[in-house]
Each structure stands twice: as structure tokens, then as C-alpha cells.
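Comments concern the structure below.
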Amino acid sequence: MPNRIKKIAVLTSGGDSPGMNAAIRSVVRTCAYHDVECIGIYQGYQGMIDDEFTALDARSVKGIINKGGTFLKSARSQEFRTKEGREKAHKNLLKHNIDALVVIGGDGSFTGGLVFNQEFGFPVIGIPGTIDNDIYGTTHTLGFDTALNTVVDAIDKIRDTASSHNRLFFIEVMGRDVGHIALNAGIAGGAEEILIPEEDLGLDRLVDSLNKSRKSGKTSSIVVVAEGDKIGKNIFELKEYVDQNMEGYDVRVSVLGHMQRGGAPSCFDRVLASRMGVKAVESLLEGKTNYMVGLLDSKMELTPLEKAIKGKTKINLELLRVSDIMTT
Ligand code: ATP
């Protein structure tokens with residue numbers, strides 16, 4: 001193996017997502033398996049600057065595979081965006097004799113990792129941890145599956161009350177730039193309409209569609225709205241519009257918010273996190289750097305960090321069609 005790596009550090013950065021703990025556990029245990037020391041860095045890049053390092057062995061990550069969030073904590077660090085901040089961080093890595101870094105986070109965290117590598121030639125591998133599923137180079141980011149299950153569970157519960165009172169519910173889910181959560185959870189929750197940033201349904205069509213579904217005998221409706229939907233109105237403005245343009249509907253709004261990020265990771269996310277951790281460490285040991293590990297065609301694959309950051313994920317057109325047919 002080229003340049004034998006003896007010590008690897010791992011951190012979580014940006015927004016947290018379910019499965020991050022499972023990924024840290026996997027990184028730590030893969031290091032132990034290969035007789036490589038592992039260091040955890042608290043508070044993402046800020047902890048790298050502030051020297052918040054802790055030695056981790058296989059036993060220090062027991063009992064966390066089923067826990068949401070990240071025990072290493074996550075942070076957004078303004079200081080790491082500055083050259084001085086990154087220099088401090090680099091000095092700390094050298095002080096602790098660390099040879100390579102695993103960054104678990106979103107595209108912003110990967111950008112930070114790439115800049116750091118370009119400045120100091122420090123080996124970096126990324127693991128995509130974000131519920132939005134908005135990272136190129138993987139069909140699933142860590143936490144996406146768990147978030148979907150959380151949202152579907154919430155939709156099911158809201159539907160119970162919607163149908164008991166003949167109500168129309170607008171349910172806002174996360175997804176400022178992408179509608180993966182809204183589209184998938186909307187189909188699974190039997191939503192009558194799904195509004196996503198990639199598609200412009202238009203307010204008139206929305207009202208037409210709701211009228212149609214009422215005429216077809218439906219007495220309650222669920223509309224799932226991604227935060228960044230193209231109509232551009234926030235969910236309360238949508239309610240107001242429907243109140244003014246449709247008679248006889250009792251319209252309610254529910255914003256699911258941060259609950260979507262929490263909770264125990266699903267089986268899928270635990271397995272994915274375990275696979276990603278192994279691939280990340282073993283790639284570093286093979287001398288690879290500046291890649292993100294991802295799931296493509298059911299296999300663990302590497303995508304250059306630059307591509308993962310710049311590439312855009314596309315909405316699945318087949319799902320859009322399925323959703324159209326299901327709302328007939
Ligand atoms: P999420 O998808 O939840 O937003 P993210 O990883 O994209 O996660 P960001 O806040 O965009 O979250 O980035 C996390 C951290 O990465 C930032 O707080 C900053 O420390 C670092 N970072 C982001 N962009 C850069 C950059 N251009 N240069 C240096 N560091 C950066």
C-alpha cells in the first residue's frame with residue numbers, strides 16, 4: 001500500500017442526519033480492523049481549528065448504530081472558510097500525526113475538504129450525510145431513507161385527522177432545492193398533490209386538481225409541499241390562496257421541520273453507513289484522495305469530490321409519472 005496511513009481522523013459537518021453515528025462507528029471499526037489509529041474531531045471543522053480531538057477505538061463507538069444525530073456534534077464554521085482558520089486546522093492535524101481525514105457531511109463540507117486538500121495536499125474522503133439526497137454520485141445520501149420514513153409516518157397520522165374532518169392539509173417537508181423527499185414521501189403517503197422545486201404545477205392547476213379530486217368523491221386531501229417549490233409561495237400563502245379560491249374546504253397547514261432530521265436511523269441507513277465507512281477508510285488506505293463514496297447500482301463507488309459538489313441530482317421522471325397516475 002502506498003504511503004502507509006497510520007492515523008485517520010473523522011468529523012461530521014453541516015446539518016446532521018440519521019446514520020452519521022453509524023458511519024462514524026464504521027470508520028472507527030474499519031480503522032481498528034486494519035490496525036490504523038482513529039481520532040474523532042468534535043464540532044466539525046471548528047473542532048479541527050480548536051483542537052477538539054479524541055482518540056476512538058472499536059469499543060468507544062458501541063451502542064451508537066441506532067442513535068440519530070452525531071455524538072461528535074456537527075457545526076458550521078465561518079473560521080474554516082478563512083485561510084488562517086484552515087492553517088490552524090492543518091497545524092492541529094500535524095500535531096496529532098494524522099495522515100488522512102474522513103468528512104461526513106453535505107456539499108458545503110465537501111467543498112471545505114477539497115479546498116483544504118488543494119492548500120495542504122491533505123488526503124480527504126467524503127461520506128454524503130444529508131437527508132435531502134441532493135448529492136451527485138450516490139442514489140442515496142445517509143439519512144434520506146430515515147427521513148422518508150419519518151415523513152410518511154407523519155403524513156399517515158395527519159391523514160387520520162384530515163379524513164375525520166374533511167380537511168385539506170398542506171404538509172411542508174424539507175427540500176429547498178430538490179424535491180426528493182416530497183416526491184417519494186408524497187407517493188408513499190398517498191398525497192393528492194406533490195409540489196416540488198423541479199416542477200411548476202401552478203396555482204390554477206393545483207386548484208383544478210383539488211376540485212377534480214373532490215368531484216371524484218374524495219372528502220379530504222393531502223398536498224405535500226417541498227420548502228422550495230416552484231410556485232414560490234410559502235405554505236401559509238398557499239393556504240390563503242386556496243381559502244380564497246375554493247369553497248367549502250377547511251384548509252390546514254403542517255410544517256414538519258426539524259423532526260425530519262432526527263430519530264433512529266432505518267435499517268437501510270445503518271447498512272449504508274456501515275458500507276460507506278468501510279469504503280472510505282479502505283480507499284484512503286489504497287492511497288485515494290478527494291473522492292466521495294456513494295451508492296451506485298447497488299455498489300459502493302467513488303466519485304471525485306469536485307464532481308459530487310458540482311453535479312446536480314435529477315428528479316426521477318418515472319416517479320413523477322407514477323405520482324400523476326396515482327392522483328387520478
Ligand atoms: P447541509 O447539506 O446540511 O447544508 P453542508 O455540508 O452542505 O450540509 P455547509 O454549512 O454548506 O453544510 O458547510 C459546512 C461547513 O463546511 C461550513 O460551515 C464551512 O466550515 C465548510 N465550508 C463550506 N464551504 C466552504 C468553502 N468554500 N471553503 C472552506 N470551507 C467551507
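Throughout, numbering of the chain's residues begins at 1 and tracks the sequence. In listed order, ligands and their atoms are each counted from 1. Note that these values count all heavy atoms, side chains included, but never hydrogens, waters or copies made by symmetry.
Taking any N or O of Ser77, backbone or side chain, at least one lies under 3.5 Å from an N or O belonging to ligand 1. Taking only nitrogen or oxygen atoms, main chain and side chain alike, Gly14 does not reach within less than 3.5 Å of ligand 1. The shortest N or O to N or O distance between Gln78 and ligand 1 is not under 3.5 Å. Taking any N or O of Asp107, backbone or side chain, at least one lies under 3.5 Å from an N or O belonging to ligand 1. Of the N or O atoms in Val115, none lie within a sub-3.5 Å distance of an N or O in ligand 1. Of the N or O atoms in Gly105, none lie within a sub-3.5 Å distance of an N or O in ligand 1.
Counting only heavy atoms of the protein, atom 15 (C) of ligand 1 lies nearest to Ser13 OG, 3.6 Å. Summary of contacts: the protein heavy atom closest to atom 27 (N) of ligand 1 is Thr111 CG2, 3.5 Å. Given atom 6 (O) of ligand 1, the protein heavy atom at minimum distance is Ser109 OG, 2.5 Å. Nearest protein neighbour of atom 2 (O) of ligand 1, counting heavy atoms only, is Thr130 OG1, 3.8 Å. Nearest protein heavy-atom contact of atom 3 (O) of ligand 1 is Gly15 N, 2.9 Å. Protein heavy atom at the shortest distance from atom 12 (O) of ligand 1 is Arg76 NH1, 3.0 Å. Closest to atom 31 (C) of ligand 1, if we only count protein heavy atoms, is Gly112 CA, 3.6 Å.
Within the 4.0 Å heavy-atom cutoff, Glu79 does not count among the residues contacting ligand 1.
Near Phe80, with a cut-off below 4.0 Å to any heavy atom, the atoms of ligand 1 are 20 (O), 29 (C), 30 (N). Proximity to Arg86 (heavy-atom distance under 4.0 Å) selects the following atoms of ligand 1: 29 (C). Atoms of ligand 1 lying under 4.0 Å from any heavy atom of Tyr45, numbered from 1 in the order shown and given with element: 16 (O), 20 (O), 21 (C). Close approach of ligand 1 to Gly106 is summarised as follows: ligand atoms under 4.0 Å from at least one heavy atom of the residue are 5 (P), 6 (O), 7 (O), 8 (O).
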(message) Using ring pair (Phe, Tyr, Trp, His ring centres under 6.0 Å), reason through Phe268 and Phe144 one step at a time and then give a plain yes or no.
(response) CA-CA 10 Å; Phe268 182 91; Phe144 175 54; 8.8 Å; no
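When atom types are taken as modelled, the side chain of Asp153 and the backbone of Asn149 share no donor-acceptor pair closer than 3.5 angstrom. A distance-only check finds no donor-acceptor pair linking the side chain of Arg159 to the backbone of Ser221 [under 3.5 Å]. In this structure, Asn184 contributes its side chain and His180 its backbone to a donor-acceptor pair below 3.5 Å. One N or O on the side chain of Asn92 and one on the backbone of Ile49 form a donor-acceptor pair closer than 3.5 Å.
Checked against salt bridge (charged side-chain N to carboxylate O under 4.0 Å, His left out), Lys239 has the following partners two or more places apart in sequence or in another chain: Asp243. For Glu52, there are no salt bridge (charged side-chain N to carboxylate O under 4.0 Å, His left out) partners at least two apart in sequence or on another chain.
Ring orientation note: the planes of His90 and Phe120 are close to parallel, at an angle under 30° on the 30°/60° scale.
Considering only non-hydrogen atoms, atom 16 (O) of ligand 1 lies nearest to Gly108 out of Pro128, Gly113, Gly108. Closest to atom 24 (N) of ligand 1 by heavy atom, among Gln46, Arg81, Lys83, is Arg81.
Here the CG-OG distance, from Asp50 to Ser77, works out to 8.0 Å after rounding to the nearest 0.5 Å. Distance NZ/Lys91 to CG/Asp51: 12.5 Å, rounded to 0.5 Å.
Looking at Asp250 and Arg167, a side-chain N of the basic residue comes within less than 4.0 Å of a carboxylate O on the acidic one, giving a salt bridge. By the 4.0 Å N-to-carboxylate-O rule, Asp208 lies too far from Lys212 to be salt-bridged with it.
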